[in-house]
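Working notes, beginning with the structure itself.
What you see is a predicted model, and the numbers here were worked out from it, not measured in a lab. These values consider heavy atoms only, across backbone and side chains, with no hydrogens, waters or symmetry-generated copies.
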Amino acid sequence: MQKVTLKIEGMHCGGCVKSVTRILQELDGVEIAEVNLESANAEVTFEPSQVSIEELIEAVENAGFEAQQA
């Protein structure tokens, strides 16, 4: 397992947090996705053999948010 912090822009409410959390958790290989509105980031624990950091970022961006590795 690997852990990465993603900086996420565009979240304005709890609904945004739920959306980003759901998007990340639906990806194969993601074990835990903890999204924080106040710090505007997501702590993601994932299996790198199943999903890459680039794929995590792409999934968040496809949902309308900006994301990058922190």
Minimal heavy-atom distance between Leu56 and Leu24, with the atoms involved, is O-CD2, 4.0 Å
Quick one: OG1 on Thr5 to CG on Asn36, what's the gap to the nearest 0.5 Å? 11.0 Å
About how many Å separate NZ of Lys7 and CZ of Phe65, when rounded to the nearest 0.5 Å? 14.5 Å
Could you tell me the separation between the OG1 atom of Thr21 and the NZ atom of Lys18, rounded to the nearest 0.5 Å? 9.5 Å
Scanning both residues in full, the closest heavy-atom pair of Gln50 with Gly29 reads OE1-CA, 3.4 Å
Given side chains that start at C-beta, do those of Thr45 and Gln2 come closer than 4.5 Å, heavy atoms only? no
Measuring only between side-chain heavy atoms, which start at C-beta, is Phe46 closer than 4.5 Å to Leu27? no
Do you know which two heavy atoms are closest between Ala42 and Ile8, and how far apart they sit? CB-CD1, 3.6 Å
Cluster question for you: counting only ILVMFWY and a side-chain heavy-atom cut-off of under 4.5 Å, with indirect links fine, are Val20 and Leu6 together? yes
Atom CD1 of Ile32 and atom NZ of Lys3: how far apart are they, to the nearest 0.5 Å? 7.0 Å
Minimum heavy-atom distance Glu55-Ser52, with the two atoms named: OE1-N, 2.7 Å
Tell me the closest heavy-atom pair linking Ala63 and Ile23, and the distance in Å. CB-CD1, 3.1 Å
Following the transitive rule for hydrophobic clusters with a side-chain heavy-atom cut-off under 4.5 Å over Ile, Leu, Val, Met, Phe, Trp and Tyr, establish whether Val60 and Leu37 coincide in one cluster. yes
Applied to residues 21-44, the salt bridge (charged side-chain N to carboxylate O under 4.0 Å, His left out) test, sequence neighbours excluded, yields Arg22-Glu26
Test: salt bridge (charged side-chain N to carboxylate O under 4.0 Å, His left out). Region: residues 56-70. Which pairs qualify, not counting sequence neighbours? none
Shortest non-hydrogen contact from Ala40 to Met11? CA-CE, 4.0 Å
Please assess Gln69 against Val4 for the test side-chain contact (heavy atoms from CB on, under 4.5 Å), listing each intermediate value before the final yes or no. CA-CA 7 Å; Gln69 189 171 350; Val4 66; 3.7 Å; yes
